[in-house]
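Please read the structure below before turning to the comments.
Sequence lines set the chain letters: A, B, ... in the order given, protein chains first and strands last, and positions in each chain run from 1. Everything numeric here is computed off the predicted structure, so don't read it as measured data.
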Amino acid sequence: MKKYLLDLRVKSVEQIHQRYVLIKLTDDKPLPEMLPGQFVEIRVDGSPNTFLRRPISINFVDIEANELWLLVAAVGEGTKKLALLKPGDMLNCLLPLGNGFTMPQSSEERILLVGGGVGVAPLLYMGAQMAKMGCIPTFLLGARTAKDLLMLDIFKSYGRVCVTTEDGSEGEKGFVTNHSLLQNERFDRIATCGPTPMMKAVARYSRKAQTECEASLENLMACGLGACLCCVEKTTEGNLCVCKDGPVFNIRKLLWQD
Amino acid sequence: MARLDVKIKDLELKNPVMTASGTFGYGLEFADLMPLDGIGGIIVKGTTLKPREGNDYPRMAETASGMLNCVGLQNKGVDYFCEHIYPQIKDINTNMIVNVSGSSPEDYAECAARIDALENIPAIELNISCPNVKDGGMAFGVTCAGASSVVKAVRERYHKTLIVKLSPNVTDISEIARAVEAEGADSVSLINTLMGMAIDIERRKTLLSINTGGLSGPAVKPVALRMVWQVAKAVKIPVVGLGGICNSKDAIEFLMAGATAIEIGTANFLDPAVSIKVRDGINEWLDSHGCKSVHEIIGVID
């Protein structure tokens, strides 16, 4: 897919949680085509401490409103600066990067989307694109507490939503892989994004259940284009770039057999 | 429009701007984002005789105005390059230059000889300065005897333009430059990365898998500029300058310090189209200062 370097305009910045902001970007021209699971490399401000681009996954693309949504966890210096953006600010974006999740081939496919923390971000766009083709996704979303569940209402508008919280304040208590759904139902494919221990647990479940599974990785990266070879993951094909060969990998390719 | 063309031995560059090895892939990765044929040359990823997996992740850490990397020359080897990558890049209308590395003079020479056979690769850049591999790389580049031994072996089997990339991790870089000039190098490029380190104080661990890595980016520019100036005075062969160049002003400083051409490295990560902007900026500066050719500013600093 053709890549673009665009100065996008900040339409809104919404603080949806103590640590997370939802940034909506737009442009005068129609935004390029983007696939669920792809990401954007953002130039923060080029200042000495945040001078490399920051990779942020595509949370949602609203074609009618010509909006690109980014769900950003303000955890480091760069993402904290992004959280301070104001409507009207310009953001230099390199996009769309990497490969997306495998989309269902028919509306009959049963697809489970498992996310935790800010890792739920790309699953929204994935689920929305699935719903558009008549394939209703099941989301399994995990968080520490009820208030850490992000964008729950909009997830519910695109599919069935199952929830776990570590303290039991909403949904079933425990981790996503403890949810009764996984004992009671079978899926044709699983897509997961979130903390690595969670994704590894989902991968273990998938192997046992003999279900195809794709995981989206977020290794530290510099270029985003497959040039610097900094973000590599060990795979059955040797070291592969998460930015170019991923960020979505079939778990059979990953050396996660622990 | 000032004249921007420069020559490094037989290598004719339409302008003095090239991209540095390891920061621009094989050029193809950037084809959507800038016209590859608009710059003087593209120095592709370091290539070795045998495939190399490189170092473990993490390989990168951001530091003030720079970054550390310890990629460790991951590449699929020269035969893969010749069979699979060369056909994809041979018709890009600029100088496609291969950066060659190895772990013995014989390795370097064999790798260089295979690339000598490729018609559309007019030059190689010999990497005797990679700080991230144990068996070779910088080990050769930090002594005159080591540097000479590699250049001598390669010169016997490589007949096109030979650029030797020097390490800044030495006491006197001019001495190394003179040693490789004496063995028949057509040009020297400098600087490779400066060996550095960063620590995560909460985890009490270094941020890189092999603890140390090479520092690049604007943080190293003043050091690079000083070394280019010193080396340009010490040798007769053309010098290629690199180290933290982010814009045309930086590039012009290197040209004034004595570089005939420049390479852009880490800045490609910040702006994938930066090299074209640097070319245009050099041209505009020359025009606005009444210079008819870039040669009027090369080496003007005594």
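- With a 4.5 Å cut-off on non-hydrogen atoms, B:T63 touches chain A through its backbone but not through its side chain.
- The shortest distance between side-chain heavy atoms of A:L229 and A:C241 falls below 4.5 Å.
- No hydrogens or angles considered: a donor-acceptor pair under 3.5 Å links the side chains of A:K81 and A:S47.
- Under the 4.5 Å side-chain criterion, counting only non-hydrogen atoms from C-beta, A:R19 is in contact with A:D148.
- Interface check for chain B: of the options A:N49, A:N92, A:V232, the most heavy-atom pairs under 4.5 Å are formed by A:V232.
- For the residue pair B:S189/B:E125, the side-chain donor-acceptor check at 3.5 Å is satisfied.
- You'll find the side chain of A:V61 reaches within 4.5 Å of the side chain of A:M34, heavy atoms only.
- Contact check for B:P51 versus B:Y80: no side-chain heavy atoms found under the 4.5 Å cut-off.
- Of all residues in residues 25-38 of chain B, those placing a non-hydrogen atom less than 4.5 angstrom from a non-hydrogen atom of chain A are B:G25, B:E29, B:F30, B:D32, B:L33.
- Among B:N15, B:N247, B:I252, the single residue meeting the side chain to side chain contact (heavy atoms under 4.5 Å, CB included) criterion with B:I282 is B:I252.
- Within residues 212-225 of chain B, the residues that have a heavy atom under 4.5 Å from a heavy atom of chain A are B:P218, listed by number.
- Proximity to chain A is limited to the backbone of B:N55, based on heavy atoms less than 4.5 angstrom apart.
- Residue B:S129 forms a side-chain hydrogen bond (donor to acceptor under 3.5 Å, both in side chains) with just one option from B:T193, B:N169, B:N192, and that option is B:N192.
- Side-chain contact check for A:E212 and A:N250: at least one donor-acceptor pair (N or O, by modelled atom type) lies under 3.5 Å.
- Between the side chains of A:T50 and A:D45, a donor-acceptor pair is found at a separation under 3.5 Å.
- When A:M221, A:E41, A:K244, A:R54 are compared by the number of non-hydrogen pairs under 4.5 Å with chain B, A:R54 comes out ahead.
- By the 6.0 Å contact criterion, NZ on B:K76 is open, its count of non-hydrogen atoms from other residues, nucleotides or ligands being 12 or less.
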